[in-house]
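As the structure is a prediction and not an experimental result, all values here were calculated from the model. Every chain is numbered from 1 and lettered A, B, ... according to where its sequence line falls, protein lines coming before strand lines.
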Amino acid sequence: MAELPDKAEHFIDWYLEAVEVAGLTDKRYPVKGMNVWTPYGFQARRQLDGLLIRGIEASGSRPVEFPTLIPQTEFQKEKEHVKGFDAQVYWVTKGGETDLDIPLVLRPTSETAMYPIFALWIRSHKDLPFNVYQIVNTFRYETKTTRPFFRIREIHFFEEHTCQLTDEAAAARCQENLATFQGIAEALALPYVASRRPDWDKFPGAYYSIALDLPVGGARTLQVGTIHHYRENFSRPYEIRYEDLAGELRYVHQTTFGLSERLLGATVAFHGDRKGVVFPSSIAPYQVVIVPIVSQNSGPISTDAARTLADRLRAAGVRVYVDDSEERPGAKYYLWESRGVPLRLEIGPREAAEGTVTAVNRLGQKQRIGPGKLEDGIRQALVEYDQALAAQARESFQKAFSVAHRLEELQDSTTVRIVSWCGNEACGHQIEQAIDGAVLGTPEGPLPIDPGSPAECIACGKREATRWVLAGRPL
RNA sequence: GGGUCUGUGGGGUAGCUUGGUCCAUCCUUCGGGGUUCGGGACUCCGAGACGCCAGUUCAAAUCUGGCCAGACCCA
């Protein structure tokens, strides 16, 4: 079997093949952009969902689930929103043989499904803050090339929707979401930047949008999530009001927080290497794979030891798989490396006799564990692996940004760029044209590297009111 | 929206220009047998494809048209 394409030179080819080889999805389903989740891929997704659920519930959100179909009449209530999504929605126009009076859209996102009901649920200031989330599939009719996890038509989507008393409370919720995301990103060992999108690129209907982007090589970026402040943009058309202390009816201020299976794609894209996928132990379908090494005259002692150890690890809460297939050990090593398993344990006749294991993590670090206290030693090895992965990620993150001072420099960017900008939209578009990408926006919080004070606008040369913005090429 | 190109077993490909030598090549995959087993094993047997519909022709994977699916470039 050949090596994967070069990740730096041919990123997309590398990515597609890494996903393919790892067996995360089956792309042969006969609808473009709708992939089948394999058992292996589904397990990764479920682990990821678990992370999201724990994170968002810790921040005071409760689960709900709204229907998949939205009546056209509800869908069209917020003008900007409709404009933003109209070209991308799937319509259900028939029920059996009957044409529907009111066509239904397959949700591309759930604002318009939820908010008419929020209007019924929310009466009083005592109902606020109101924070709910759901993890459901959404549908967008992508016309461009689709890519597993990145650009698809049926999206496994996480969305939190909240209603707050005031503008400030809504802004505060956005900050809480940022903190929640930081925890999620840490569990995935993914560094990222949060930046406020320029107005021309915010979510349709939003007051502002904070996007979460990862550098994924060269100037390429991948948006893995968004946090939006809607102000009253939706509560007015949907009439979500509460009665305040004085008995006045007021519109709620809303926020949303959206994440998707792109996070899984980002994990693959960011950590993966020439051997394939590299999973952090938090979402690895198998955290440990045990490869018993048998030879003709050693009998079943390696396999027995492997099974016994697997039982003990399972009891200790570790996700473990014993590969006792007929393949040769080397073939198994390559297989499980391509699938991203954090830790491989080899048990041959010698280890079996000693009560030890040889442990090799996905970053290639090798050690002998045992005898005695194998569970602790293996747990520790996983912790060290995650730390090493995070350290490696931080290092490549630092190298993923550089400052540009002139528009001409942007053309052959090999990193995401940091440029000084006056805030003028025309200048913004010049930057986008120069880099053949997008202005990602103004970072929330510190920049990945410190470029000092903003200089004159890279496009028009003005000095006043400039700020640093990130520019890259979104995938 | 405008243009260019592509469609061959489960995956990846050769063949197409110049129709016949193709009941279709090679790698991989899959089922079975044997020898193996500490970094992608070898060997034997077997399975599996010309996107769809028409047309031209003695003869179509190959030429023509339509359709469907997909990719890329430009706005």
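- By the ring-ring contact (aromatic ring centres under 6.0 Å, His included) test, A/Phe157 pairs with no residue at all, sequence neighbours left out.
- In this structure, B/rC5 forms a base pair with B/rG70, meeting either the Watson-Crick or the G-U wobble geometry with both donor-acceptor distances under 3.5 Å.
- Checked by atom type, the side-chain pair A/Trp14/A/Asp6 shows no donor-acceptor distance below 3.5 Å.
- With sequence neighbours excluded, no residue satisfies ring-ring contact (aromatic ring centres under 6.0 Å, His included) with A/Tyr385.
- For the side chain to side chain donor-acceptor pair (under 3.5 Å) test, residues two or more places apart in sequence or in another chain that qualify with A/Lys77 are A/Glu74.
- For A/His405 and A/Glu409, the side-chain atoms include no donor-acceptor pair closer than 3.5 Å.
- Scanning for side-chain contact (heavy atoms from CB on, under 4.5 Å) contacts around A/Ala22 gives A/Leu24, A/Val277, with sequence neighbours left out.
- Among residues two or more places apart in sequence or in another chain, the ring-ring contact (aromatic ring centres under 6.0 Å, His included) test is passed with A/Tyr141 by A/Tyr90.
- At B/rA71, none of the side-chain N or O atoms of A/Lys144 fall inside 4.0 Å of OP1 or OP2 (strictly under the cut-off).
- Take A/Arg344 and apply the side chain to side chain donor-acceptor pair (under 3.5 Å) test, not counting sequence neighbours, and it matches A/Glu337, A/Glu346.
- Remark: B/rA14 base-pairs with no nucleotide in the shown strands. Criterion, Watson-Crick or G-U wobble with two distances under 3.5 Å.
- Every residue two or more places apart in sequence or in another chain was checked for a salt bridge (Lys or Arg N to Asp or Glu O under 4.0 Å) with A/Glu327, and none qualifies.
- Proximity of residues 363-374 of chain A to RNA chain B (heavy atom under 4.0 angstrom from any strand atom) is not detected for any residue.
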Please list, for nucleotides 34-37 of chain B, all pairs of protein and nucleotide N/O atoms separated by less than 3.5 Å.
unit_1	atom_1	unit_2	atom_2	d
B/rU36	OP2	A/Gln296	NE2	2.9
B/rC37	O2'	A/Val294	O	2.7

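- The list of side-chain hydrogen bond (donor to acceptor under 3.5 Å, both in side chains) pairs with a residue in residues 259-270 of chain A, not counting sequence neighbours, is empty.
- Within a heavy-atom distance below 4.0 Å of RNA chain B, the residues of residues 332-342 of chain A found are A/Tyr333, A/Tyr334, A/Glu337.
- Nucleic acid contact for A/Pro30: none, since no nucleic acid atom lies under 4.0 Å from a heavy atom of the residue.
- Under the ring-ring contact (aromatic ring centres under 6.0 Å, His included) criterion, A/Tyr333 pairs with no residue, sequence neighbours left out.
- Backbone-only contact: A/Thr146 has heavy atoms under 4.0 Å from sugar-phosphate atoms and none from a base.
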